[in-house]
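We number each residue from 1, following the sequence as shown.
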Amino acid sequence: MKRLLILLIIALSSCKGNRKDIGSLDSFPAISPDYVNVTIPPNIAPLNFMMKDAERISVVIDGKGGRITARPVGNKVFISPRKWRALLKEAAGDSLNVTVSALEGGIWKEYRPFSWYVASNAIDPVLSYRLIEPGYEVWSRISICQRDLGNFRERKLIDNNLIDDGCVNCHICRQQDPSRSFFHLRHAGGGTMVQQDGKFRKINTSTDSTISAGVYGNWHPSGKYIAFSTNVIIPEFHSIRNKRLEVYDTISDLIVLDLERNKVITSRVIAEKGSFESFPVFSADGSSLYFCSAHALRMPAEYDKVRYSLCSVSFDPADGSFGSIADTLISAERTGRSISHPKPSPDGKKLMFTSIAYGNFPVWHEEADLRLLDLATGTIDTLPAVNSRRSDSYHSWSSEGSWFVFASKRVDNMYGRPYFAYIGNDGRASKPFVLPQKDPEFYEFSLKSYNIPELSKGPLPFNARDVERAFSRLEAEDVGFERK
């Protein structure tokens, strides 16, 4: 069938007065996006792609559920969503074989076939992310959007042009549950917007006893608490080409917001003098708080000497109290690297973090890589199949624990794109693939970075107009302060 299709295309080309020949190659085709030999979930949208240097392409996809001859438009290929869903359903736990032929320089070439392994485990079906210009010095248009991973539908959850051009960031669900989430609205009339079943609370987490309002937040599994960093954040721009921006704290502590009592709680162990504490995240069972801690140095003079260790302290959700001693899980003094954005796996057995040379803002560090810590053994997986030579950061787990998403600048070192990777039964992570788009050329023209990509079990129960109404109508709730 495949040969007949190629011969038919050749015959049609010959009718136009152009004689074509067929050549076979032992190399994989240079497709864009790079979907060669990747593992995909059984509920992902079609992986449409193109070949930039080809005049035309022909693509055949074979699986135990049948065959798809993809529709080519010039050097792009578009896969029928209906046929794709049927093929994926039958292929779960098996592979799809992809054969590509391309017309290049007047010659049809058949490339070495590659595979798409279809995992048995589905990924959480919804992805949310912030779209922003990558330089961060321009943010006249910021939105937080939601994408259905099974198709190409995207909708806005938050549009800053509807809320007086305020800056919005960090939309976080409670353990991938869309019915409970929060985000920050930085504006004179803003605050932390806490959402439950589509209803909002606006909370001012700043007090006379804290450094600032809470940022870098994370939910407690119970939904009763949110842990935050409270800090003074300084963004500075470099004149060095590959170091455009550095963001650092001049002072930082941790707080925990008790949503039932409207109080922020802290203790000496998470707000220690002489230390920078940041990126708090609760353990999967809620009994511990993980965070990053560094020796406080003179800023900005010693910004490139600040290195954060990974620490943990016990937490009692019954009364919001902390243990008296923090444990160091990974020492920056021993590794010579800095840690940011710790995220425990849903089963609580592992913890993923970002490793950088120094500091705590990995998105502008080319050397930023993801690491996976086994919490029982202390061994660290460097995830060689996942990381690139550019920044890889902003990771988030799927609720079933075998999939994760992260933001990577691997293509152009400028724009962060959402990539997905799978951890198999053998514990190894697969080669990641970028979020599929209807037009495979989409990322060539998109001028937005995807920040904080996060997976959820379903769609969020609000939209941009709901946020606009909550912003304009709600008064910010003040909170008390308690040191335990």
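- Interatomic distance, CG of L455 versus CD1 of I123, reported as 4.5 Å (0.5 Å rounding).
- The closest donor-acceptor contact from the side chain of S449 to the backbone of N451 lies at 3.5 Å or more, if one exists at all.
- Within a 6.0 Å radius of CZ in R469, other residues, nucleotides and ligands contribute more than 12 heavy atoms.
- Checked against a 6.0 Å centroid threshold, the rings of F442 and F152 do not count as neighbours.
- Checked against ring pair (Phe, Tyr, Trp, His ring centres under 6.0 Å), F462 has the following partners two or more places apart in sequence or in another chain: H171, F200.
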### Message
Quick one, I31 with V36, criterion side-chain contact (heavy atoms from CB on, under 4.5 Å). Give me CA distance, side-chain angles, the key distance, then yes/no.
### Response
CA-CA 8 Å; I31 65 173; V36 173; 3.9 Å; yes
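- S355 places no side-chain N or O within donor-acceptor distance of the main-chain N or O of R371, the cut-off being under 3.5 Å.
- Not counting sequence neighbours, the partners of D34 by the side-chain hydrogen bond (donor to acceptor under 3.5 Å, both in side chains) test are K431.
- For D285, the CG atom counts as densely surrounded, since its 6.0 Å shell holds more than 12 non-hydrogen atoms of other residues, nucleotides or ligands.
- Not a single donor-acceptor pair under 3.5 Å links the side chain of S143 to the backbone N or O of C145.
- Ring centroid separation for the pair F404 and H395 does not come in under the 6.0 Å cut-off.
- The side-chain hydrogen bond (donor to acceptor under 3.5 Å, both in side chains) search around E90 returns none, not counting sequence neighbours.
- Using cut-offs of 30° and 60° on the angle between ring planes, the pair F420 and F433 is tilted.
- Looking at W116, its side chain does come within 3.5 Å of a backbone N or O of Y35 through a donor-acceptor pair.
- Among residues at least two apart or in separate chains, side-chain hydrogen bond (donor to acceptor under 3.5 Å, both in side chains) pairs with a member in residues 340-354 are S345-D347.
- Note: W219 CH2 to F282 CZ = 11.0 Å, rounded to the nearest 0.5 Å.
- Formation of a donor-acceptor pair under 3.5 Å by the Q176 side chain with backbone atoms of W397 is found in this model.
- Residues meeting the side chain to side chain contact (heavy atoms under 4.5 Å, CB included) test with A385, sequence neighbours left out: none.
- In this structure, P346 and A284 approach most closely via the heavy-atom pair O-CB, 3.6 Å.
- Rounding to the nearest 0.5 angstrom, the gap separating the CD1 atom in I172 from the OG1 atom in T192 is 11.5 Å.
- For residues 442-457, the salt bridge (Lys or Arg N to Asp or Glu O under 4.0 Å) pairs, not counting sequence neighbours, are K52-E444, E133-K448.
- Cation-pi geometry between R417 and Y443 is not met: the NZ or CZ atom fails to fall both under 6.0 Å from the ring centre and inside 45° of the normal.
- Looking only at distances, a side-chain donor or acceptor of S430 sits under 3.5 Å from a matching main-chain atom of Y422.
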